[in-house]
**Student:** 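My questions will all concern the structure given below.
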Amino acid sequence: MAARLSTCLLAALASNHSAVFTPSSPNYNSSLTIYNLNIPILPAAVTYPSSTEEVAGVVKCAAEGNYKVQAKGGGHSYGNYGWGGESGEVVVNLANLNGYSYDNSTGYATVGAGSRLGSVTTSLYNSGERAVAHGSCPDVGIGGHATIGGVGPTSRQWGATIDHVVSATIVLADSRIVKVSETEHPDLLWALKGAGGSFFVVTEFVLRTEAAPTGGVSYTYSFEGLNATAQAQVFRDFQIFISNPNLSWEFYIMMVGLPQVIEITGAFFGSLDDFNALGLEQAFSIAPAANVTVIPNWLDMVAIWANEAAAAERPAYFYAKSLDVMPNALLSNETIDSMFEYLTTTPDDALTYQLEVQLVSGAMAAVASNATAFPHRDVLYWIFAYAATNGTVSKTTIDFLDGFNDVIYSAFPNENFYAYAGYVDPLLSNGPELYWADNLPRLEQIKTIYDHHDVFHNPQSVPVVSSDKWL
Ligand SMILES: Cc1cc2nc3c(=O)[nH]c(=O)nc-3n(C[C@H](O)[C@H](O)[C@H](O)COP(=O)(O)OP(=O)(O)OC[C@H]3O[C@@H](n4cnc5c(N)ncnc54)[C@H](O)[C@@H]3O)c2cc1C
Ligand SMILES: *[C@@H]1O[C@H](CO)[C@@H](O)[C@H](O)[C@H]1NC(C)=O
Ligand SMILES: *[C@@H]1O[C@H](CO)[C@@H](O)[C@H](O)[C@H]1NC(C)=O
Ligand SMILES: *[C@@H]1O[C@H](CO)[C@@H](O)[C@H](O)[C@H]1NC(C)=O
Ligand SMILES: *[C@@H]1O[C@H](CO)[C@@H](O)[C@H](O)[C@H]1NC(C)=O
Ligand SMILES: *[C@@H]1O[C@H](CO)[C@@H](O)[C@H](O)[C@H]1NC(C)=O
Ligand SMILES: *[C@@H]1O[C@H](CO)[C@@H](O)[C@H](O)[C@H]1NC(C)=O
Ligand SMILES: *[C@@H]1O[C@H](CO)[C@@H](O)[C@H](O)[C@H]1NC(C)=O
Ligand SMILES: *[C@@H]1O[C@H](CO)[C@@H](O)[C@H](O)[C@H]1NC(C)=O
């Protein structure tokens, strides 16, 4: 069976031996550059198609051989889902599909699905200073970003990366190449915007662009040497500040929490005077060390975020979780105290914990939660808890992070908490319910229509359901 797959793939890829790696290829192991070292994966094949037609050929070989398929964009899935998320899948590595063009009459950019965010940002800026919303890490792929969410510093102004997608070229499970847009297969465009990897391989995106901001203010407020009580105090002040519904959409803020440290960092896409008028520094009852810098150019601003994210780009042994806080269910002071008290119990084998708390809302919340497969529109902020270890992540470390989320869940026994599919948590037993919430039933219907044999699969992809469940 494996030999038949290899033969089929080679034929689909113009007999190019360097476009197919299988376990019997000499360079197979070195072709597997997985991100989460805790989840080793041995695919049935890793392919490097050079065109949409070759992608279709690969999908055809895989489907005929009953192999599962995942597209691999930037490879930044926390569960290595670009490699399938489990061994034995056929990987469509899109590295060669990295074209770019810009149409000045529409303001639309056409971007190959194998591009990384860093190159997309630079190309857009060089096309008359254009930009789209996206996260801070330049090596993240547009493939996984524009099919899952894509939330970053300009999301309060422009929404998520998915909100820029106008149309796309995709390869379906039956290897048909189709274009999806508001008028062509709108159900698939809807599914693309939050759950694309469960439905097809996107080979090219058409993105609506915005005028890039002409720089702005970059700021960092650092609090160091804090005990848990003082960390909680900073968090309380932070939560009060970010829960003001009048906060400018040009204001971006996140909090990083490490043992004894809290760093509040972000950007304001306006003048220094308008930034100062927000009164952020005065919002804290403990005085921070401040660094407020005017950055005159968009690419310089993006470079600051890339620099801050550099350490996170490296593959690591880690476990991570996400949790959404709604504007009508803010954390009480007691819950915040308990959170930081809990974090002092970091297990010995965890190198450290890291909390990332990111304000969203603004333009994110201006879109209906059923307008895209990504449902989390009303979230005020996300809490991402992360712990890295030197080798295989122990149960103690996993329990530690689960316990952290439990501190918050237990304060809201009647509230449903969800999770962001961009930061998959492979250990969730109900991942699809938490990633897609009320949009899951519609996704299951679309899945069942277009991918009845579940060709596009990872351990937490949208499942195929039997048609009686639709009624
Ligand atoms: C260091 C780091 C920083 C991050 N920062 C942010 C951030 O600021 N904001 C944010 O929102 N997220 C962030 N993320 C999460 C990231 O956006 C998601 O993990 C995203 O899915 C990664 O995309 P990728 O192409 O790099 O990953 P991959 O592992 O290649 O793909 C992830 C999933 O998307 C699917 N996919 C990829 N390409 C395609 C395609 N062309 N067609 C169909 N399906 C496809 C894959 O099959 C897989 O299921 C970050 C992740 C990391 C590791
Ligand atoms: C590739 O890795 C696997 C598992 O990690 C190992 O069993 C195998 O021997 C390796 N093959 C080569 C050629 O190094
Ligand atoms: C692009 O379009 C803008 C207006 O939409 C116009 O001002 C500009 O001159 C155009 N640039 C080029 C290179 O055609
Ligand atoms: C925590 O630090 C604050 C400020 O430094 C101090 O007033 C307080 O007593 C400390 N609390 C504990 C429990 O050590
Ligand atoms: C928000 O703005 C409205 C209208 O200007 C004002 O009435 C309200 O008090 C403001 N809310 C806060 C929390 O500042
Ligand atoms: C302040 O921030 C700017 C922009 O990120 C950076 O270039 C500069 O080195 C920082 N200054 C200090 C003292 O950290
Ligand atoms: C919670 O903490 C904030 C900030 O310290 C304080 O202003 C507020 O009064 C506290 N709320 C309650 C209900 O104690
Ligand atoms: C992790 O590895 C580094 C380098 O090998 C070592 O110095 C450190 O003590 C290890 N930490 C833990 C918690 O095991
Ligand atoms: C979203 O929900 C509203 C009602 O709440 C409905 O009118 C609309 O058709 C739905 N949109 C989609 C795309 O399902």
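Being a predicted model, the structure only gives us computed values, none of them experimental. One-based numbering, in listed order, for ligands and for the atoms of each.
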**Student:** If I compare all heavy atoms of Ala195 with all of Ala373, which pair ends up nearest, and what's the gap?
**Tutor:** N-CB, 4.2 Å
**Student:** Looking only at distances, can you tell me whether any N or O atom of Ser218, backbone or side chain, sits closer than 3.5 Å to an N or O atom of ligand 6?
**Tutor:** no
**Student:** Run the numbers on Asn93 and Tyr48 for side chain to side chain donor-acceptor pair (under 3.5 Å), then give the verdict.
**Tutor:** CA-CA 5 Å; Asn93 191 321; Tyr48 287 82; 3.3 Å; yes
**Student:** What atoms of ligand 1 come within less than 4.0 Å of a heavy atom belonging to Val201?
**Tutor:** 42 (N)
**Student:** How far is atom 7 (C) of ligand 1 from its nearest protein heavy atom, and which residue and atom name does that atom have?
**Tutor:** Tyr423 OH, 3.3 Å
**Student:** With a 4.0 Å cut-off, strictly under, does atom 14 (O) of ligand 6 pick up any protein heavy atom?
**Tutor:** yes
**Student:** Provide, to 0.1 Å, the distance between atom 49 (O) of ligand 1 and the closest protein heavy atom, together with that atom's residue and name.
**Tutor:** Gln70 OE1, 2.8 Å
**Student:** Please name the residue in the list Thr397, Asp425, Asn38 that meets the side-chain hydrogen bond (donor to acceptor under 3.5 Å, both in side chains) test with Tyr319.
**Tutor:** Asp425
**Student:** Please indicate whether any nitrogen or oxygen in Gly74 is less than 3.5 Å from any nitrogen or oxygen in ligand 1.
**Tutor:** yes
**Student:** How far is atom 17 (O) of ligand 1 from its nearest protein heavy atom, and which residue and atom is that?
**Tutor:** His145 ND1, 2.7 Å
**Student:** Give a yes/no on ligand 1: does Phe200 have at least one heavy atom closer than 4.0 angstrom to it?
**Tutor:** yes
**Student:** What protein heavy atom is closest to atom 47 (O) of ligand 1, reported as residue, atom name and distance in Å?
**Tutor:** Ala71 O, 2.7 Å
**Student:** Determine, counting only non-hydrogen atoms of the protein, whether one lies under 4.0 angstrom from atom 2 (O) of ligand 3.
**Tutor:** yes
**Student:** Please state which protein non-hydrogen atom is closest to atom 34 (O) of ligand 1 and give its distance, to 0.1 Å?
**Tutor:** Gly144 CA, 3.5 Å
**Student:** Test side chain to side chain donor-acceptor pair (under 3.5 Å) on Asp103 and Ser105 and set out the steps.
**Tutor:** CA-CA 5 Å; Asp103 179 347; Ser105 67; 2.6 Å; yes
**Student:** Is atom 7 (O) of ligand 3 touching the protein, meaning some protein heavy atom lies under 4.0 Å away?
**Tutor:** no
**Student:** Closer than 4.0 Å to some heavy atom of Ala312 - which atoms of ligand 1 meet that?
**Tutor:** 1 (C)
**Student:** Suppose I only count heavy atoms of Cys137 and a 4.0 Å limit; which atoms of ligand 1 are within that range?
**Tutor:** 1 (C), 2 (C), 3 (C)
**Student:** Tell me which protein heavy atom sits closest to atom 4 (C) of ligand 3, plus the residue, atom name and distance to 0.1 Å.
**Tutor:** Asn104 ND2, 4.8 Å
**Student:** Is the shortest distance from a heavy atom of Ala309 to ligand 1 less than 4.0 Å?
**Tutor:** no
**Student:** What part of Asn458, side chain from CB on, backbone N/CA/C/O, both or neither, has a heavy atom under 4.0 Å from ligand 1?
**Tutor:** side chain
**Student:** Less than 4.0 Å between a side-chain N and a carboxylate O, is that true for Asp163 and Arg208?
**Tutor:** no
**Student:** With a 4.0 Å cut-off on heavy atoms, is Tyr78 in contact with ligand 1?
**Tutor:** yes
**Student:** Would you sort out whether Ser119 and Tyr100 count as a side chain to side chain donor-acceptor pair (under 3.5 Å), showing the intermediate values?
**Tutor:** CA-CA 10 Å; Ser119 76; Tyr100 176 85; over 6 Å; no
**Student:** Quick check on contacts: which atoms of ligand 1 are under 4.0 angstrom from a heavy atom of Ala113?
**Tutor:** 41 (N)
**Student:** Give the numbers and elements of all ligand 1 atoms closer than 4.0 Å to a heavy atom of Ser136.
**Tutor:** 8 (O)
**Student:** Examine Gly196 against ligand 1 and note whether any of their N/O atoms are separated by less than 3.5 Å.
**Tutor:** no
**Student:** Should we say atom CD of Glu182 is surrounded by more than 12 heavy atoms from elsewhere, each under 6.0 Å from it?
**Tutor:** no
**Student:** Nearest to atom 11 (O) of ligand 1, what protein heavy atom do you find, and at what distance?
**Tutor:** Tyr420 OH, 2.6 Å
**Student:** Using a strict 4.0 Å cut-off to heavy atoms of Ile148, name the atoms of ligand 1 that fall inside it.
**Tutor:** 21 (O), 33 (C), 34 (O)
**Student:** For atom 8 (O) of ligand 1, what's the nearest protein heavy atom and its distance?
**Tutor:** Gly135 CA, 3.2 Å
**Student:** With only distance considered, is Ser77 within less than 3.5 Å of ligand 1 through an N or O on each side?
**Tutor:** yes
**Student:** So, is Gly422 polar-close to ligand 1, with some N/O to N/O distance under 3.5 Å?
**Tutor:** yes
**Student:** Near Val151, which atoms of ligand 1 are under 4.0 Å from a heavy atom of that residue?
**Tutor:** 7 (C), 8 (O), 9 (N), 10 (C), 11 (O)
**Student:** More than 12 non-hydrogen atoms from neighbouring residues, nucleotides or ligands closer than 6.0 Å to CG on Asp438, yes or no?
**Tutor:** no
**Student:** Could you tell me the residue and atom name of the protein heavy atom closest to atom 27 (O) of ligand 1, and the distance to it rounded to 0.1 Å?
**Tutor:** His76 N, 3.0 Å
**Student:** Checking the N or O distance criterion of under 3.5 Å, is ligand 1 in contact with Gly149?
**Tutor:** no
**Student:** Could you please spell out the steps behind the side chain to side chain donor-acceptor pair (under 3.5 Å) verdict for Gln157 and Thr154?
**Tutor:** CA-CA 5 Å; Gln157 288 181 80; Thr154 51; 5.7 Å; no
**Student:** Would you mind running through ligand 1 and noting each atom that sits below 4.0 Å from a heavy atom of Gly150?
**Tutor:** 11 (O)
**Student:** If we check ring-ring contact (aromatic ring centres under 6.0 Å, His included) with His376, which of these qualifies: Tyr381, Tyr420, Trp382?
**Tutor:** Trp382
**Student:** Within the side chain of Ser271, is there an N or O that forms a donor-acceptor pair under 3.5 Å with the backbone of Asp274?
**Tutor:** yes
**Student:** Walk me through whether Phe318 and Tyr35 qualify under ring-ring contact (aromatic ring centres under 6.0 Å, His included).
**Tutor:** CA-CA 10 Å; Phe318 69 94; Tyr35 179 74; 5.6 Å; yes
**Student:** Under 4.0 Å, heavy atoms only, figure out whether ligand 1 is touched by the backbone of Leu94, its side chain, both or neither.
**Tutor:** side chain
